[in-house]
2 protein chains.
Amino acid sequence: MGMNVSTSVLRRLNIEALLRHAFTSGTFTAAEAMDATSLTRATVLGLCDELTAAGWIEEVEDSRTAGLSRRGRPARRHRLRSGAGLVIGVDAGRSGYRAMAADLRGTVLATGRRELDPDVVDRELRISTVQDLVREVREASASAAPLLVTVIGIPAPVDTRGRSPIDVGTFWRLMNSGFPEHLAGRVVVENDANLSALAEHGLHPEANMAALLVGERVGAGLIVDGRLLHGALGGAGEMRFLETVLQDDIGAEGVGSLARRWTREGLAAGRESPLLAALPAESLTAVDVFAAAQAGDALARDVLDRIGERIARIAAILVSLLGIERIVLAGAVASSLEPVLVRAREVLPDIAYAPFPELVASGLGRDAVVRGAIEHALSCLREDPLELLELLEPAELPDSP
Amino acid sequence: MGMNVSTSVLRRLNIEALLRHAFTSGTFTAAEAMDATSLTRATVLGLCDELTAAGWIEEVEDSRTAGLSRRGRPARRHRLRSGAGLVIGVDAGRSGYRAMAADLRGTVLATGRRELDPDVVDRELRISTVQDLVREVREASASAAPLLVTVIGIPAPVDTRGRSPIDVGTFWRLMNSGFPEHLAGRVVVENDANLSALAEHGLHPEANMAALLVGERVGAGLIVDGRLLHGALGGAGEMRFLETVLQDDIGAEGVGSLARRWTREGLAAGRESPLLAALPAESLTAVDVFAAAQAGDALARDVLDRIGERIARIAAILVSLLGIERIVLAGAVASSLEPVLVRAREVLPDIAYAPFPELVASGLGRDAVVRGAIEHALSCLREDPLELLELLEPAELPDSP
DNA sequence: CTGGTAAATTCAGTTGCTAGATTTAATGCT
DNA sequence: AGCATTAAATCTAGCAACTGAATTTACCAG
């Protein structure tokens, strides 16, 4: 059809504003959109009709049927058509991948996962695994909607342009396996801790917050003044400095690693711990330590306390240097972290100044990164709805369904 | 005078784009503006005429007279009229104020200063001093141009909205003395270290850099991903965490303070230092220590080395946690800091990982904050040229020629 | 003086918004 | 049932402001 190729600047601007309103608010009336876009009713309704015809929004029950108004002519109501597009989030971790497909309202339609041998260094394999997984969740989502954005979280620094630095080994390069070139549509690569931060930010928006991804290593996703930080070479949130600053050689080791290390050291130093001593030292995990502490084991409790103190130190730095108000600990062990956090909150007043940051454990568990990926995909859309709309334009916008 | 009150959205947008181009590029031709704004020649020239009539831009010698083109009809050239507006920057320090007035191209037209007793706690006095000083530099600038923006740098945390937290004492509140309510026009309050960072950023733009203001206390201005960080309560750049992290009670003490402290401690511990021991302990300053080190005094050199090591620790944290690439040390002592920086660069490889940040001393000396204030004022204009244009509109933009 | 180049100017044509009048949809009161 | 009331949708003319193309201007070189 005769859809003008170079749609006027103004028109684009207005469509964008309306679409953004549709993304942010749920269902909306013309009057609300008029407030949001400062356009006339005539214009808003005209655009709504067009967007409806194009399939981006849909008309829902009017305000009276919905019980929202009593007098006067009922207002027509529209909302973003959740099925207008699909987004996919992938947590491309070291030892396994998780993916989710969601609609435009963030409703998860399908999930999938793959295990990977963390020690196998095979770029091709990682790429094809992600390709497979994306195809799988897309099919499982049973949605004919076009795939708008795919966000991939990787355990390596990522700069504002999605690139990872060349590290001494090949690890980062392996993790950031050039996904955009090997997947269809718009692909965004982001650091995993950053995505956790976005996930938590989505649940509880706060302008200055951090997510600490505490698995085998600690990595932070930092949100300051409402924006995610990347830094040179994507280095923001890197925690190696702890090594020299805290004058030990522990550095950025995470909860898993520290729990094992300090338990072994304690046992080697002859500490009594019937529960932990009974376990084979080689297969000892953080989960065992948490369980032992729960059961009252003194060594286990000490270990968790030390971990809590370390978290508190990190918190003290983040709150002072960056004005962080809320720190969320995420990762597989997040749900067990409460005893660690209790200790951290306890010592914080001794090593930092008020106001202290809120210290909480993530409720998202293993899904934090994937959820963040979905969240990020949706916020890309919210920020620039037109760009995406144009990505598909060839087939789109012609005739009403 | 029939200028439509609600000038069309599109028109505003285009004027803004053109004005921004005028701010960023120096002199420009219609063709350049067409590229920048993606408008037609007809439109660009129309807007140029209007803006010229309104006094915001001016026509300068054409491209042939300027020797820029040989063939064809010479292109008309325009540029921002530097005299169209005035900006003022103030460094409202604890013990004295400095101010500068500059035109729209950043050329300094006048400077002024006032000394203040740092121990006098008098809000009214501080306000009236700034009012005086602003009036003084404005008059000294001999410019009839309207004052568009005044930026004031203060030694207290300032959040994104220009507010300082209520501290335990009244110091911060005293520093942030509600200037916007007591000065004419648009007034922006910003932290002094942040302004130093902007000053350095203006001279040598780098997306990830920090300014360390090292006077009696250390404070950092942090620029990450090209943006200044503020954090909750304006706390970003706060260095108190050093106190507990480095396990000493020195905390955020600056070069001046540390030089005195460590020299006294050295002397008290019986270190030999004919040069420094000769000076009265009470009036000893950092300048004396720098001079002694220059003259070969061993104690003085040790003190400077220790300061250098401390700077290196801070650098190690900033580069790792935030991906900072360049750290500029600013403040009154900046010009003497080279020996400190030499030591800092020397130890950095031992306590941090490559790539190391560039460590340099500011060349701006005592003017760093005021310069940053001017820089910030101009970038406010660059970001949103229309807002300012509208602030004065009453007399402006009346009839078409 | 003429041809060539590159810009400025002019002007009709078009887009897409706004403002205001009119119409429509529903309820409540008499 | 009929009519007033409310609030929205729709229709219409009017207009601002941009684009595109044709035309004119400015200047140089030969």
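Order of the sequence lines fixes the chain letters, A, B, ..., with proteins taken first and strands second; residue numbering starts at 1 for each chain. The analysis underlying the following values was restricted to heavy atoms, covering all of them including side chains, and did not include hydrogens, waters or symmetry mates.
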Could you work out which one of [options] sits closest to the side chain of [X]?
X	options	answer
A:R11	D:dA16, C:dG16, D:dC27	C:dG16
B:T40	C:dA8, D:dG20, D:dA26	D:dG20
A:A42	C:dC17, C:dA7, D:dC11	D:dC11
A:S8	C:dT18, C:dT15, C:dA26	C:dT15
A:R71	D:dT6, D:dT19, D:dA26	D:dT6

Query raised in the report: Would you say B:L198 and B:I223 make side-chain contact, with heavy atoms under 4.5 Å?
Result: yes
Please determine if a side-chain N or O atom of [X] lies less than 4.0 Å away from the OP1 or OP2 oxygen of [N].
X	N	value
A:R76	D:dT10	yes
A:N14	C:dC17	yes
A:T43	C:dT18	yes

Provide, to the nearest angstrom, the distance between the [atom1] atom belonging to [X] and the [atom2] atom belonging to [N].
X	N	atom1	atom2	value
A:E61	C:dA25	CD	P	19 Å
A:M34	D:dA7	CE	P	14 Å
A:E32	D:dA7	CD	P	15 Å
B:R12	D:dC18	CZ	C1'	18 Å
B:E50	D:dA16	CD	P	13 Å
A:D62	C:dA25	CG	C1'	9 Å
A:R77	C:dA25	CZ	P	19 Å
A:D49	C:dC17	CG	C1'	16 Å

Query - Residue met sooner reading DNA chain C from 5', once A:L47 and A:P74 are mapped to nucleotides - result: A:L47
For [X], I'd like to know if atom [atom1] has over 12 heavy atoms of other residues, nucleotides or ligands within 6.0 Å.
X	atom1	value
B:R71	CZ	no
A:R105	CZ	yes
B:E383	CD	no

Using a heavy-atom cut-off of 4.0 Å across all strands, would you classify [X] as base, sugar-phosphate, or nothing?
X	answer
A:T37	nothing
B:R41	base
B:A31	nothing

Query raised in the report: Taking atom types as they are modelled, is there a donor-acceptor pair under 3.5 Å from the base of D:dT6 to the side chain of A:R73?
Result: no
**Report entry** Matching residue for B:E58 among B:R81, B:R77, B:R79 - test: side chain to side chain donor-acceptor pair (under 3.5 Å)
**Finding:**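 Looking at B:R81, B:R77, B:R79, the match for B:E58 under the side chain to side chain donor-acceptor pair (under 3.5 Å) is B:R79.
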Report task. Run the numbers on B:E16 and B:R12 for salt bridge (charged side-chain N to carboxylate O under 4.0 Å, His left out), then give the verdict. Result -> CA-CA 6 Å; B:E16 187 172 352; B:R12 289 167 53 95; over 6 Å; no
